[in-house]
Engineer: 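Mind looking over this structure? Questions follow.
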Amino acid sequence: MCSGPWLDRWLPLIAQREIASPVLETGCGFGDDTLTLIRAGVKVMAFDLSPECVAIAQQRAPEAQIECRDTRGPWPEAANNLELVLASLSLHYFPWDETRTIVRRIWNSLRPGALFLCRLNSTEDVNFGAGQGELIEANFYRDQGNCKRFFDRASVDQS
């Protein structure tokens, strides 16, 4: 997955904050956003469920601490009192209760006034599967064996 310009627009805010603690990146994939953050001068600790993705991300961004772990499992020990958590398209794989639990964990890992940047699938994005497949629960579908959640404003406000 390519991060594209989505994260670039947030780099001035990240630089303005002079973030000293490592950024926690959940679901780093192949490390596209990891590289963007490192190039912006930020320390990164990241994880992904896929061993293949982790191996590629580690090769691409050897400066980062990248591990193979499940978002629902234990997080890195240093994931507390953080100034920034990044979740780019990594919160859409879970039933609603698990999604809310993960978001609470993210909030609990942040210091007061910190940033949580996330990129979510929109309920209006039919080009990426919104409303397609077997409905499991509201805005959560199974299509070709994969589960994917789509977010609207109300669900973001509830998380």
Side-chain angles (χ1 to χ4, degrees), residues 1-11 14 17 19-111 114-122 125 128-130 132-134 136-137 139-151 155-156 159:
M1 172 187 340
C2 181
S3 67
W6 94 270
L7 185 54
D8 292 344
R9 67 183 282 197
W10 297 103
L11 293 178
I14 293 169
R17 292 288 188 105
I19 293 174
S21 68
V23 170
L24 176 64
E25 181 184 2
T26 68
C28 67
F30 296 122
D32 294 331
D33 292 334
T34 311
L35 278 173
T36 299
L37 291 168
I38 287 171
R39 289 177 181 149
V42 179
K43 295 177 184 171
V44 180
M45 63 177 157
F47 61 84
D48 197 278
L49 181 61
S50 165
E52 295 82 13
C53 285
V54 168
I56 292 169
Q58 287 171 331
Q59 287 179 343
R60 295 180 69 204
E63 307 91 334
Q65 173 191 337
I66 304 172
E67 302 175 345
C68 187
R69 58 175 72 229
D70 190 326
T71 302
R72 297 165 294 183
W75 282 15
E77 199 171 299
N80 57 65
N81 203 31
L82 301 172
E83 297 169 87
L84 171 60
V85 172
L86 178 75
S88 176
L89 300 175
S90 62
L91 299 176
H92 63 262
Y93 298 105
F94 312 104
W96 187 242
D97 287 345
E98 288 183 12
T99 302
R100 292 189 68 182
T101 298
I102 293 165
V103 170
R104 275 192 300 275
R105 289 176 76 191
I106 290 169
W107 284 116
N108 290 337
S109 69
L110 293 168
R111 69 177 56 168
L115 297 174
F116 172 38
L117 297 179
C118 67
R119 186 166 61 144
L120 305 169
N121 295 300
S122 169
D125 197 346
F128 286 94
Q132 299 173 24
E134 172 194 355
I136 300 170
E137 60 183 38
N139 299 323
F140 191 50
Y141 297 87
R142 180 179 295 115
D143 190 28
Q144 299 177 5
N146 298 310
C147 295
K148 192 172 186 181
R149 171 166 307 287
F150 296 86
F151 294 83
S155 61
V156 169
S159 342

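When reading the values below, keep in mind they use all heavy atoms of this one structure, side chains included, and skip hydrogens, waters and symmetry mates. All figures in this text were calculated on a predicted structure; none of them were measured in a lab.
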Engineer: Do Pro76 and Phe47 have side chains that approach each other closer than 4.5 Å (heavy atoms only, starting at C-beta)?
Structural biologist: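 The answer is yes; the side chains approach within 4.5 Å.
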Engineer: Are Trp6 and Ser88 close enough, and set up right, to give a side chain to side chain contact (heavy atoms under 4.5 Å, CB included), and what steps lead you there?
Structural biologist: CA-CA 9 Å; Trp6 94 270; Ser88 176; 3.5 Å; yes
Engineer: Taking Arg111 for the side chain and Asn81 for the main chain, is one N or O donor matched with an acceptor at less than 3.5 Å?
Structural biologist: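 Looks like yes, one N/O pair under 3.5 Å.
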Engineer: Can you name the residues that form a salt bridge (charged side-chain N to carboxylate O under 4.0 Å, His left out) with Arg17, not counting sequence neighbours?
Structural biologist: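 Per chain and number, Arg17 pairs via salt bridge (charged side-chain N to carboxylate O under 4.0 Å, His left out) with no residue.
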Engineer: With sequence neighbours left out, what residues match Ser90 under side-chain contact (heavy atoms from CB on, under 4.5 Å)?
Structural biologist: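 Ser90 satisfies side-chain contact (heavy atoms from CB on, under 4.5 Å) with Thr26, Ala87 only.
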Engineer: Could you give the distance from CG (Leu24) to CE (Met45), rounded to the nearest 0.5 Å?
Structural biologist: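 Answer rounded to 0.5 Å: 5.0 Å.
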Engineer: Residues two or more places apart in sequence or in another chain: which of them pass side chain to side chain donor-acceptor pair (under 3.5 Å) with Asp70?
Structural biologist: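 By the side chain to side chain donor-acceptor pair (under 3.5 Å) rule, Asp70 matches Arg72.
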Engineer: Taking the side chain from Asp48 and the backbone from Gly29, do they hold a donor-acceptor pair closer than 3.5 Å?
Structural biologist: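 Yes, the answer is positive, given that a donor and an acceptor are paired below the 3.5 Å cut-off.
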Engineer: Atom CG in Asn139, atom CZ in Arg149: separation rounded to 0.5 Å?
Structural biologist: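 Here the interatomic distance stands at 7.0 Å.
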Engineer: Checking Phe128 now: which residues fulfil ring pair (Phe, Tyr, Trp, His ring centres under 6.0 Å) with it, not counting sequence neighbours?
Structural biologist: none
Engineer: If you define the side chain from C-beta out and look only at heavy atoms, does anything of Ile66 sit under 4.5 Å from Cys28?
Structural biologist: yes
Engineer: Do Trp75 and Arg105 have side chains that approach each other closer than 4.5 Å (heavy atoms only, starting at C-beta)?
Structural biologist: yes
Engineer: Would you please name every residue forming a salt bridge (charged side-chain N to carboxylate O under 4.0 Å, His left out) with Glu134, sequence neighbours left out?
Structural biologist: Arg142
Engineer: State which residues pass side-chain contact (heavy atoms from CB on, under 4.5 Å) with Gln59; sequence neighbours excluded, sorted by chain then number.
Structural biologist: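 Partners of Gln59 by the side-chain contact (heavy atoms from CB on, under 4.5 Å) criterion come out as none, since no residue qualifies.
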Engineer: What is the distance from atom CG of Asn146 to atom NE2 of His92, rounded to the nearest 0.5 Å?
Structural biologist: 9.0 Å
Engineer: Roughly how far apart are Gln58 CD and Cys68 SG, rounded to 0.5 Å?
Structural biologist: 9.0 Å
Engineer: How long is the span from the CZ atom in Phe116 to the CD1 atom in Ile106, to the nearest 0.5 Å?
Structural biologist: 4.0 Å
Engineer: Listed by chain and number, what are the salt bridge (charged side-chain N to carboxylate O under 4.0 Å, His left out) partners of Glu52, not counting sequence neighbours?
Structural biologist: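 Per chain and number, Glu52 pairs via salt bridge (charged side-chain N to carboxylate O under 4.0 Å, His left out) with no residue.
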Engineer: May I ask you to check whether Trp96 and Phe140 place their ring centres under 6.0 Å from each other?
Structural biologist: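 Between Phe140 and Trp96, the centre distance exceeds or equals 6.0 Å.
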Engineer: Restricting to non-hydrogen atoms, name the atom on Phe150 and the atom on Ser122 that form the minimum distance, rounded to 0.1 Å.
Structural biologist: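 For Phe150 versus Ser122, the nearest heavy atoms are CD2-O, 3.3 Å.
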Engineer: Any sub-3.5 Å donor-acceptor pair from Ser155's side-chain atoms to Phe151's backbone N or O?
Structural biologist: no
Engineer: Check whether any side-chain heavy atom of Ser109 sits under 4.5 Å from a side-chain heavy atom of Val85, and report yes or no.
Structural biologist: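 Ser109 reaches Val85 side chain to side chain.
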Engineer: Begin with the C-alpha distance, continue with both residues' side-chain angles, and end with the deciding distance and a verdict on side chain to side chain contact (heavy atoms under 4.5 Å, CB included) for Leu120 and Val156.
Structural biologist: CA-CA 9 Å; Leu120 305 169; Val156 169; 3.7 Å; yes
Engineer: Who pairs with Gln144 by side chain to side chain donor-acceptor pair (under 3.5 Å), at least two apart in sequence or on another chain?
Structural biologist: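 Partners of Gln144 under the side chain to side chain donor-acceptor pair (under 3.5 Å) test: none.
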Engineer: Could you check whether any side-chain heavy atom of Leu7 comes within less than 4.5 Å of a side-chain heavy atom of Leu86, counting everything from C-beta outward?
Structural biologist: yes
Engineer: List the residues meeting salt bridge (charged side-chain N to carboxylate O under 4.0 Å, His left out) with Asp125, not counting sequence neighbours, and say none if there are none.
Structural biologist: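 Scan of Asp125 (salt bridge (charged side-chain N to carboxylate O under 4.0 Å, His left out), adjacent residues dropped) gives none.
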Engineer: To the closest 0.5 Å, what do you measure between CD (Gln132) and NZ (Lys148)?
Structural biologist: 9.0 Å
Engineer: Determine the minimum heavy-atom distance between Ala114 and Leu82, stating which atoms define it.
Structural biologist: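 In terms of heavy atoms, the two residues are closest at CB-O, 3.3 Å.
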Engineer: I want to check something: taking the side chain as every heavy atom from C-beta on, are Ile14 and Ile19 in contact at a cut-off of under 4.5 Å?
Structural biologist: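 Yes, at least one pair of side-chain atoms sits under 4.5 Å.
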Engineer: Which residues satisfy the side-chain contact (heavy atoms from CB on, under 4.5 Å) test with Leu35, sequence neighbours excluded?
Structural biologist: Arg39, Arg60, Ala61
Engineer: Do Thr71 and Leu49 have side chains that approach each other closer than 4.5 Å (heavy atoms only, starting at C-beta)?
Structural biologist: no
Engineer: Quickly, which of Leu84, Val23, Thr36, Thr34 forms a side-chain contact (heavy atoms from CB on, under 4.5 Å) with Val42? Name it, please.
Structural biologist: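 Between Val42 and the candidates, side-chain contact (heavy atoms from CB on, under 4.5 Å) is satisfied uniquely by Val23.
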Engineer: What do you reckon, is CD of Glu137 surrounded by more than 12 foreign heavy atoms closer than 6.0 Å?
Structural biologist: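 Enclosed.
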Engineer: Holding to side chain to side chain donor-acceptor pair (under 3.5 Å), I want the full list of residues that pass it with Glu83, two or more places apart in sequence or in another chain.
Structural biologist: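 Per chain and number, Glu83 pairs via side chain to side chain donor-acceptor pair (under 3.5 Å) with Ser21.
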Engineer: Sequence neighbours left out, what passes side chain to side chain donor-acceptor pair (under 3.5 Å) with Arg69? Give chain and number order.
Structural biologist: Glu67
Engineer: Does Leu91 reach the side chain of Ile102, with side-chain heavy atoms less than 4.5 Å apart?
Structural biologist: yes
